[in-house]
2 protein chains.
Amino acid sequence: MDIKQPDQSRNTILQAAYCEIHRKGYQAASIADILSDTGLTKGALYHHFPTKHALGLAVIEEIIGDRLGRLLSDPIRESEKPIDALLYLIIHVDQQVPADYMELGCPLNNLMQEMSPLDHEFKSKLNAILRNWQDTIEWALSTGQAQGEIRPDVDPKAAALFIVSAWEGCVGIAKNLQSGEAFRTCMQQLHDYVVSLCAGR
Amino acid sequence: MDIKQPDQSRNTILQAAYCEIHRKGYQAASIADILSDTGLTKGALYHHFPTKHALGLAVIEEIIGDRLGRLLSDPIRESEKPIDALLYLIIHVDQQVPADYMELGCPLNNLMQEMSPLDHEFKSKLNAILRNWQDTIEWALSTGQAQGEIRPDVDPKAAALFIVSAWEGCVGIAKNLQSGEAFRTCMQQLHDYVVSLCAGR
DNA sequence: AGAATAATATACCGACCGGTATGGATGAGT
DNA sequence: ACTCATCCATACCGGTCGGTATATTATTCT
């Protein structure tokens with residue numbers, strides 16, 4: 001046995017669990033398979049996490065929420081022209097994401113589809129992430145209205161809800177069709193929708 | 001034991017499997033639970049279906065495809081003004097569907113999300129249903145163009161792909177939020193998108 | 001240095017799963 | 001009425017799952 005590194009072990013398990021869950025879903029992800037990739041065993045896992053359920057929640061909070069925020073919210077929040085940032089993201093998000101995302105889909109959406117009707121803790125944590133994303137887009141639309149870019153008759157909250165819904169829908173359909181081509185044409189249509197919310201069109 | 005009715009038994013099992021899969025997903029749906037609702041046993045099931053896999057495929061082909069076609073394609077195909085039929089469906093589909101659809105989501109989308117990356121037979125059969133739906137909407141848009149309702153610069157195939165994607169996205173998000181309200185506002189935005197494809201806007 | 005505690009490995013358990021083997025009941029054909 | 005294929009129930013199997021009990025090793029504290 002090597003040196004014991006609790007924090008690193010915990011993180012190794014979290015990452016492996018994330019990958020396994022992303023590939024197979026939460027319920028089909030087996031503890032044994034998660035551990036086989038790492039050099040660790042059940043003793044380590046059940047020392048850091050009381051149950052598989054807790055491990056799943058930790059993956060959501062500490063990995064998925066974090067990554068999604070960094071990828072989809074931060075660029076918009078940090079931009080002075082959030083609508084431009086949003087439009088840029090819609091078109092170029094497929095280039096900023098690991099290659100397997102196309103075939104495996106969005107981890108957030110996958111888990112929501114699988115677990116939200118089954119477990120209310122999963123549901124609330126996943127919905128918090130979704131809400132955060134939606135709020136960001138709503139903020140972008142409101143800011144766009146203040147800047148005169150977005151038409152004043154647009155309802156930012158409703159439009160933001162639709163954008164995240166359509167976005168996840170595009171990812172899901174592209175995953176089923178196993179087609180990056182389909183994803184891009186689909187996101188191009190979403191791009192056109194957002195443009196249709198802009199003033200002077 | 002009662003009188004033997006092979007066709008009815010097969011159909012009973014198919015329906016029970018459909019409900020169980022709709023509630024829990026394919027992998028989490030257990031043979032025992034499927035049968036417990038019906039009065040039948042494994043002997044009956046494995047007489048009519050060689051494996052759980054074959055049962056799942058039969059559910060897709062004989063139930064899901066059928067229902068989706070009846071609900072979402074036939075009204076459009078049979079209408080003389082398909083765009084109006086499409087817009088009507090987008091707004092009123094939530095009233096034409098069993099109550100549990102809101103919390104359980106679309107059976108087609110659920111299965112696509114779960115199984116398409118895992119099994120190519122599931123994927124191809126599910127994609128065939130999706131393709132059929134998309135083709136219907138593409139046909140509606142093309143017909144709309146011929147009737148002068150839809151702008152000529154609209155790409156019917158791309159727009160149809162986006163509509164089904166966004167549609168499934170709306171259902172999925174509404175399922176996670178457990179909110180019929182969210183579903184309706186979301187579909188209203190999809191409605192507005194389709195209207196934005198119409199001429200004279 | 002010694003004691004206490006944290007961290008990890010190993011072996012094991014009961015529950016459940018999909019699937020099978022077998023046999024009995026039913027109905028159709030002759 | 002006898003045969004035979006269809007239909008279905010029951011008991012059982014091997015395998016996998018999440019989880020536990022326990023022992024051992026590493027670290028930290030006194």
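Throughout, a chain's letter reflects where its sequence line sits, starting with A, and its residues are numbered from 1.
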Worksheet item: Hey, does B:L40 reach any base, or is it just sugar-phosphate, or nothing, if we go heavy atoms under 4.0 Å?
Response: sugar-phosphate
Fill in: Residue closer to the 5' end of DNA chain D, A:D33 versus A:G43 (nearest nucleotide)
A:D33
Worksheet item: Under 4.0 Å: is that the gap between some side-chain N or O of A:H47 and OP1 or OP2 of C:dT8?
Response: no
Fill in: N-O pairing of A:D66 and A:R70 below 4.0 Å
yes
Discussion item. Just the rounded figure in Å: distance from P of C:dC16 to CG of B:L35.
Written reply: 16 Å
Practice prompt. Determine, stepwise, if the pair A:N109 / A:K175 fulfils side-chain hydrogen bond (donor to acceptor under 3.5 Å, both in side chains).
Written response: CA-CA 11 Å; A:N109 195 41; A:K175 175 175 88 172; over 6 Å; no
Item to complete: Specify the separation, in whole Å, of atom OH of A:Y46 and atom C1' of C:dT8.
Response: 15 Å
Practice prompt. Measure the distance from NZ on A:K42 to P on C:dC13 and round it to the nearest whole Å.
Written response: 13 Å
Worksheet item: Taking C-beta and beyond as the side chain, do B:Q189 and A:L161 meet within less than 4.5 Å on heavy atoms?
Response: no
Worksheet item: Can you check whether A:S30 has a side-chain N or O nearer than 4.0 Å to OP1 or OP2 of D:dC17?
Response: yes
Fill in: Length of the CG-C1' vector between B:D7 and D:dT6, whole Å
12 Å
Discussion item. Can you confirm whether B:P156 sits close enough to B:E138 that some side-chain heavy atom of one is under 4.5 Å from a side-chain heavy atom of the other?
Written reply: yes
Worksheet item: OP1 or OP2 of C:dT8 sitting under 4.0 Å from any side-chain N/O of A:S9?
Response: yes
Item to complete: Step through it carefully: locate the ring centre of B:F162, locate the ring centre of A:Y193, and say whether they are under 6.0 Å apart.
Response: no
Practice prompt. Would you mind telling me which of C:dA9, D:dC17, D:dG19 lies closest to the side-chain atoms of A:A32?
Written response: D:dC17
Worksheet item: Tell me: CG of B:L55 to P of C:dG19, nearest whole Å?
Response: 10 Å
Discussion item. If I take atom CD1 in residue B:I31 and atom P in nucleotide C:dT20, what distance separates them, rounded to the nearest angstrom?
Written reply: 11 Å
Worksheet item: Is the phosphate of C:dA6, meaning OP1 or OP2, less than 4.0 Å from a side-chain N or O of A:H48?
Response: no
Worksheet entry | Atom pair distance, as rounded to whole Å: CG in A:L45 and P in D:dC17 | 14 Å
Item to complete: Give A:A29 one of three labels, base, sugar-phosphate or nothing, depending on what nucleic acid heavy atoms sit under 4.0 Å from its own.
Response: sugar-phosphate
Worksheet entry | Protein-nucleotide distance (A:I13, atom CD1; C:dA7, atom C1'), rounded to Å | 11 Å
Worksheet item: Is there a donor N/O on one and an acceptor N/O on the other, under 3.5 Å, for the side chain of B:K52 and the base of C:dG19?
Response: no
